[in-house]
Each structure stands twice: as C-alpha cells, then as structure tokens.
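Worksheet: the structure to be examined is printed underneath.
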Amino acid sequence: MGSFSIWHWLIVLLIVVMVFGTKKLKNMGSDLGSAVKGFKDGMKDGGQAPADVPVPPASVTNAQAADKTTIDVEARQKS
C-alpha cells in the first residue's frame with residue numbers, strides 16, 4: 001500500500017467534478033471561505049459579546065430564591 005500518485009488524484013478530481021458540477025463546487029468553496037472568515041473574526045473578538053446583542057440579566061439560583069424555612073423535598077433524606 002503506497003501513496004496515491006498524481007494520476008489517482010486527477011481521476012478522483014474528475015469524478016468529483018462530474019458528480020457535483022463546477023457551479024456547486026464553486027458555491028461550496030465560497031460558503032467554506034465565508035465560514036472560515038466568520039470564525040477568524042469571532043476569534044479576533046476574543047469572545048466578547050457584540051455591542052448590539054443585549055446581555056440577559058443574571059438568573060437567580062435556587063439557593064438564593066429559596067426561603068430559609070423552606071424544605072426541599074427532593075433533597076430531604078429518610079432516616
């Protein structure tokens with residue numbers, strides 16, 4: 001088992017072009033390029049939230065919302 005020669009790759013390329021067509025391959029290439037560009041832009045932002053997207057308020061956890069006298073039935077163990 002050796003590596004494929006240039007003729008094998010040309011035959012594979014010819015079959016792919018025949019199956020998908022040049023227009024569809026061009027569209028897939030441009031879609032892939034725009035996805036990579038969007039990914040790079042997202043990485044450049046450093047994970048910061050965009051200014052136009054509102055940040056949701058912090059949610060209240062169950063421990064903060066629960067009254068001190070309230071007993072959580074699921075957490076209670078039988079003795």
Look at the side-chain heavy atoms of Ile, Leu, Val, Met, Phe, Trp and Tyr, link any pair under 4.5 Å apart, and say whether Ile6 and Leu13 land in one connected group.
no

Interatomic distance, NZ@Lys24 vs CE@Met28, rounded to 0.5 Å, equals 8.0 Å

Examine Trp7 and Trp9 and state if one hydrophobic cluster contains both, with Ile, Leu, Val, Met, Phe, Trp and Tyr joined whenever side-chain heavy atoms are less than 4.5 Å apart.
no

Side chain to side chain contact (heavy atoms under 4.5 Å, CB included) involving Ser30 - partner list, sequence neighbours excluded
none

How would you list, by chain and number, every residue that makes a side chain to side chain contact (heavy atoms under 4.5 Å, CB included) with Ile11, sequence neighbours excluded?
Ile15

When rounded to the nearest 0.5 angstrom, what is the spacing between CG in Leu32 and CG in Leu25?
12.0 Å

